[in-house]
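Note that the coordinates shown come from a computational prediction; the quantities given were computed from them, not determined experimentally.
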Amino acid sequence: MRVVAFAPSLSAVEEDAGGVNIKGFPMTSCYVNSFPAQITVPMVVAVTALGGTDYDPVKYIVATSPEGERVGSLEFGWHWRDNPPTPVKFRVFAQYLPMRAEAPGVYTVGLYDSLEDTETDILFPLPVLKSNPLLRKQMS
């Protein structure tokens, strides 16, 4: 299986007919009113595989703090049928990652094969910052 997209978004909703309706993708920073904050980050995950492989994959999305502490995780899996005569299959998901941000900084969100894994090539840096109400008024 190959991951073709992995990033947070401002919103993500799976469509009944397939695909995902997203806004603000990729989300390059997240703003909260105060710290500590409990937030839910919509994650978009798109994957592809050859037919005849990866029938029941399971993946884990893990968020870590700037200090490397795990601050959120979720598990998701699916049954992935082949689609003959197409030799490849595609899937896109909207997953909602609950995480806790104790302080401002660059958090990391990664896609892993297990919760015990400590390394992955699929990482997204997510700055979590305190919102500035003065800037919000200037932008309105």
Side-chain angles (χ1 to χ4, degrees):
M1 176 175 25
R2 190 171 136 219
V3 177
V4 293
F6 177 79
S9 62
L10 290 176
S11 69
V13 178
E14 288 187 28
E15 297 291 330
D16 291 337
V20 175
N21 186 357
I22 57 177
K23 289 183 182 178
F25 180 83
M27 182 170 66
T28 57
S29 55
C30 177
Y31 292 91
V32 298
N33 292 328
S34 62
F35 289 97
Q38 182 68 38
I39 60 176
T40 300
V41 179
M43 296 296 301
V44 175
V45 183
V47 293
T48 185
L50 294 174
T53 65
D54 296 305
Y55 288 108
D56 293 294
V58 176
K59 293 292 181 184
Y60 299 84
I61 300 175
V62 176
T64 55
S65 70
E67 293 77 29
E69 175 187 347
R70 183 180 294 179
V71 294
S73 64
L74 69 83
E75 173 186 344
F76 71 103
W78 66 100
H79 180 67
W80 204 0
R81 295 186 321 265
D82 289 335
N83 189 20
T86 307
V88 295
K89 49 191 176 182
F90 299 91
R91 195 71 195 260
V92 62
F93 300 94
Q95 296 292 317
Y96 303 94
L97 175 66
M99 62 179 274
R100 184 160 177 82
E102 293 290 332
V106 179
Y107 289 71
T108 304
V109 182
L111 187 65
Y112 296 86
D113 291 327
S114 81
L115 278 177
E116 291 76 33
D117 287 351
T118 57
E119 295 187 20
T120 181
D121 292 333
I122 305 165
L123 292 171
F124 192 93
L126 180 61
V128 179
L129 308 167
K130 188 169 193 259
S131 62
N132 183 338
L134 296 175
L135 287 178
R136 220 177 303 138
K137 287 180 184 177
Q138 289 174 350
M139 297 174 77
S140 301

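- One hydrophobic cluster, built from ILVMFWY side chains closer than 4.5 Å, cannot hold both Met27 and Val106; they sit in different ones.
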Note to self: Assess the residue pair Thr53 and Met1 against the criterion (side chain to side chain contact (heavy atoms under 4.5 Å, CB included)); give the C-alpha distance rounded to whole Å, side-chain angles, the decisive distance to 0.1 Å, and a yes or no.
What the structure shows: CA-CA 8 Å; Thr53 65; Met1 176 175 25; over 6 Å; no

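- Glu102 meets the side chain to side chain donor-acceptor pair (under 3.5 Å) test with Arg100; sequence neighbours excluded.
- When hydrophobic residues (I, L, V, M, F, W, Y) are linked wherever their side-chain heavy atoms come within less than 4.5 Å, the members clustered with Tyr31 are Leu129.
- Within the 4.5 Å cutoff, the side chain of Val109 has heavy atoms near those of the Leu97 side chain.
- Following chains of ILVMFWY side-chain contacts shorter than 4.5 Å, one can reach Ile39 starting from Phe35, so the two form part of one hydrophobic cluster.
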Next item on the list: Report the C-alpha distance between Lys59 and Val47 in whole Å, list the side-chain angles of each, state the deciding distance to 0.1 Å, and finish with yes or no for side chain to side chain contact (heavy atoms under 4.5 Å, CB included).
Entry: CA-CA 11 Å; Lys59 293 292 181 184; Val47 293; over 6 Å; no

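- Here Pro26 pairs with Ala7, Phe124 under the side chain to side chain contact (heavy atoms under 4.5 Å, CB included) rule; sequence neighbours left out.
- Residues satisfying the ring pair (Phe, Tyr, Trp, His ring centres under 6.0 Å) test with Phe76, not counting sequence neighbours, are Trp78, Phe93.
- With hydrogens and angles disregarded, a donor-acceptor distance shorter than 3.5 Å links the side chain of Lys89 to the backbone of Trp80.
- Not counting sequence neighbours, the partners of Ala12 by the side chain to side chain contact (heavy atoms under 4.5 Å, CB included) test are Ser9, Val20, Ile22, Pro42, Val44, Ala94.
- For Tyr55, the side chain to side chain donor-acceptor pair (under 3.5 Å) test picks out Asp82, with sequence neighbours left out.
- Legend: residues meeting side chain to side chain donor-acceptor pair (under 3.5 Å) with Asp121, ordered by chain and number and at least two apart, are absent.
- Going from atom CD of Gln38 over to atom CE of Met99 covers 9.0 Å, rounded to the nearest 0.5 Å.
- Hydrophobic side-chain contacts under 4.5 Å tie Leu50 into a cluster, directly or through other members, with Val88, Phe90.
- Scanning for side chain to side chain contact (heavy atoms under 4.5 Å, CB included) contacts around Asp117 gives Tyr112, Asp113, Ser114, with sequence neighbours left out.
- Distance NE2/His79 to CG/Asp56: 5.5 Å, rounded to 0.5 Å.
- Separating the OG atom in Ser29 from the OH atom in Tyr107 is a distance of 14.0 Å, to the nearest 0.5 Å.
- Under the 4.5 Å side-chain heavy-atom criterion for Ile, Leu, Val, Met, Phe, Trp and Tyr, Ile61 and Val3 are members of the same hydrophobic cluster.
- With contacts defined as side-chain heavy-atom distances shorter than 4.5 Å, the pair Leu126/Thr108 does not qualify.
- Both Val58 and Val62 belong to a common hydrophobic cluster when Ile, Leu, Val, Met, Phe, Trp and Tyr are linked at side-chain heavy-atom distances under 4.5 angstrom.
- Taking all atoms of both residues into account, the shortest heavy-atom contact from Thr28 to Pro127 is O-CD, 3.2 Å.
- Here salt bridge (charged side-chain N to carboxylate O under 4.0 Å, His left out) pairs that include residues 13-41, with residues two or more places apart or in two chains, number zero.
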Would you list the atom pairs, donor with acceptor, under 3.5 Å between side chains in residues 67-74 and any protein atom, with sequence neighbours excluded?
| from | atom 1 | to | atom 2 | distance (Å) |
| --- | --- | --- | --- | --- |
| Glu67 | OE1 | Ser65 | OG | 3.3 |
| Arg70 | NH2 | Leu115 | O | 2.7 |

Next item on the list: For the pair Phe6 and Leu123, evaluate side chain to side chain contact (heavy atoms under 4.5 Å, CB included) and give the outcome as yes or no after the intermediate values.
Entry: CA-CA 8 Å; Phe6 177 79; Leu123 292 171; over 6 Å; no

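- Take Val4 and apply the side chain to side chain contact (heavy atoms under 4.5 Å, CB included) test, not counting sequence neighbours, and it matches Arg2, Ala46, Thr48.
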